[in-house]
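So the structure is just underneath, and the comments pick up after that.
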There are 2 protein chains.
Amino acid sequence: MEVKTLCLGALALGDATGYEIKKMFEDGVFGHFLEASYGSIYPALTKLTEDGLLTCTTQEQDGKPDKKIYSITPEGSAALSERLGEPVSEDKFRSDFLFVMVFAHFLPKAAVSRLIDDKIAGFQAEAEKLSSETGTIGTPGAEFIRRYGQTIMRASAECLEANRHLIEGPLPGQEKKEPAESLA
Amino acid sequence: MEVKTLCLGALALGDATGYEIKKMFEDGVFGHFLEASYGSIYPALTKLTEDGLLTCTTQEQDGKPDKKIYSITPEGSAALSERLGEPVSEDKFRSDFLFVMVFAHFLPKAAVSRLIDDKIAGFQAEAEKLSSETGTIGTPGAEFIRRYGQTIMRASAECLEANRHLIEGPLPGQEKKEPAESLA
DNA sequence: AACTTCATGTAACGAGTTACATGATTAT
DNA sequence: ATAATCATGTAACTCGTTACATGAAGTT
């Protein structure tokens with residue numbers, strides 16, 4: 001999905017500036033499964049406006065550059081519909097972390113454990129973030145994504161915890177005496 | 001993670017040709033969370049050999065181009081260890097499908113339902129594939145990845161099925177006035 | 001006859017990121 | 001003081017993909 005289409009979609013949810021669109025791909029719903037940088041958003045916005053798919057209202061500000069608020073036009077909506085109907089590219093899950101795990105025996109044990117701890121914490125934080133976002137965008141689609149994201153993040157964290165012994169070796173508590181993990 | 005590192009990793013699992021390495025990123029364990037094309041693998045292999053991180057044995061064949069079997073050198077292993085120790089980039093989950101779901105109301109109902117059906121089938125196929133791969137590579141890391149992948153694929157399929165009503169609207173049979181939001 | 005598998009390699013092209021340029025305001 | 005937020009925009013660069021070139025053997 002090219003950035004132009006993403007911008008069209010973002011603006012279908014309401015008028016926004018380039019800066020705000022970027023935020024939607026950072027913190028907003030989109031942030032969990034898409035990304036876009038200023039370097040791609042601003043040129044896309046310019047191009048879409050030239051093509052009549054957006055209109056732009058400039059709002060003067062003092063100190064800061066003028067705020068350029070973009071709105072989607074009927075042609076823009078039509079274009080979005082069309083692109084949405086085209087076959088979507090496959091979901092892509094890229095993980096350098098998993099690659100490292102395959103070669104965990106190349107690294108010191110403590111480093112591997114830290115990597116796993118951090119990853120689990122990351123998943124939990126992401127799940128947390130998603131649940132706190134409830135109601136940010138009122139659409140069913142957004143709610144769907146929140147639930148989806150939470151499910152995956154929780155499943156990931158649990159699965160990692162349940163199977164970390166495969167890469168770390170058996171837990172100290174399981175190979176000898178009582179578990180030493182008392183910190184809760 | 002750049003392709004050079006990926007090749008180094010692939011060859012740490014055993015000698016291989018460029019062609020075979022490509023297969024590992026298509027069908028093998030790596031295929032589920034990484035990708036690389038011939039256009040990046042072959043140049044990477046050449047570069048790594050020049051740098052002394054790999055050695056190359058040419059095996060003549062009739063008809064086909066000579067087979068070039070690469071092996072990792074001690075320096076290559078050292079380089080791999082080093083790169084594995086460097087901070088890994090964040091996991092990236094990119095999904096055009098989810099983007100489309102946010103704007104499902106732009107599409108005909110039947111098209112949306114088909115998209116969802118296909119996606120669920122895809123997740124199930126992927127889970128299936130992962131479970132059939134048991135034992136392909138004997139390492140704990142590979143086993144870990146299989147379990148991880150299966151968990152995620154199954155969770156995805158189930159979650160999609162459980163929440164599809166959010167984007168498709170309530171099921172014909174459930175269309176009543178009762179509070180239908182139970183979350184489970 | 002046509003397609004897939006095996007097998008390597010290069011050049012053009014694409015799409016987006018990174019870093020830079022600019023600068024006021026507010027928070028730490 | 002220092003950093004972050006707000007706000008837009010461009011140019012260079014990176015990295016990789018796509019498509020091409022070549023070609024035999026086996027399969028449908």
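Throughout, protein chains are lettered first and strands after them, A, B, ... in sequence-line order, and every chain is numbered starting at 1. Atom set for the values below is all heavy atoms of this structure, side chains included, hydrogens, waters and symmetry mates excluded.
Atom CG of L6(A) and atom P of dT17(C) are 10 Å apart (whole Å). A straight line from CD1 of I69(A) to C1' of dC6(D) spans 14 Å, rounded to a whole angstrom. Rounded to whole Å, the distance from OH on Y19(B) to P on dT5(C) is 7 Å. When the C1' atom of dT5(C) is taken as reference, atom CD of E26(B) falls 11 Å away, rounded to whole Å. Put simply, CD on E60(B) is 14 Å from P on dT8(C), counting in whole angstrom units. Atom CG of D27(A) and atom C1' of dC6(D) are 14 Å apart (whole Å). Rounding to whole angstrom units, NZ of residue K22(A) and C1' of dG16(C) are separated by 12 Å. A straight line from OH of Y42(A) to P of dT17(C) spans 14 Å, rounded to a whole angstrom.
Ion pair K119(B)/D91(A) flagged as a salt bridge, since at least one NZ, NE, NH1 or NH2 atom sits closer than 4.0 Å to an Asp/Glu carboxylate oxygen. We find that E60(B) and K67(B) are not joined by a salt bridge, their nearest charged nitrogen and carboxylate oxygen being 4.0 Å or further apart. At a threshold of 4.0 Å, the pair K22(A)-E26(A) counts as salt-bridged, since one of the basic side-chain nitrogens sits closer than that to a carboxylate oxygen.
Look at K23(A) and you won't find any side-chain N or O under 4.0 angstrom from OP1 or OP2 of dT5(D). The side chain of K68(B) places no N or O atom within less than 4.0 Å of a non-bridging phosphate oxygen (OP1 or OP2) of dT8(C).
Atom CD of E50(B) has more than 12 neighbouring heavy atoms from other residues, nucleotides or ligands inside a 6.0 Å radius. The environment of E90(A) atom CD is sparse: at most 12 non-hydrogen atoms of other residues, nucleotides or ligands sit within 6.0 angstrom.
Closest non-hydrogen pair, I120(A) versus L160(A), comes out as CG1-CD1, 3.7 Å.
With Y19(B) as the aromatic partner, K23(B) meets the cation-pi criteria of under 6.0 angstrom to the ring centre and within 45 degrees of the ring axis.
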What protein N or O atoms touch nucleotides 20-28 of chain C N or O atoms at under 3.5 angstrom, if any, and at what distances?
none

Might you list the N or O atoms of the protein lying below 3.5 Å from N or O atoms in nucleotides 14-18 of chain D, with each pair's distance?
| residue | atom | partner | partner atom | Å |
| --- | --- | --- | --- | --- |
| dG16(D) | OP1 | V3(B) | N | 3.3 |
| dT17(D) | OP2 | S37(B) | N | 3.3 |
| dT17(D) | OP2 | S37(B) | OG | 2.5 |
| dT17(D) | OP2 | S40(B) | OG | 3.1 |

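For Q61(A), taking side-chain heavy atoms from C-beta onward, the closest of the listed nucleotides dA7(C), dG9(C), dA7(D) is dA7(D).
Aromatic rings from F30(A) and F99(B) are positioned such that their centres are separated by under 6.0 Å.
Residue T17(A) is classed as a sugar-phosphate contact, given heavy-atom separations below 4.0 Å to backbone atoms only.
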Output, in order, the C-alpha distance, side-chain angles, deciding distance and verdict of salt bridge (charged side-chain N to carboxylate O under 4.0 Å, His left out) for D96(A) and K92(B).
CA-CA 9 Å; D96(A) 286 359; K92(B) 262 167 200 137; over 6 Å; no
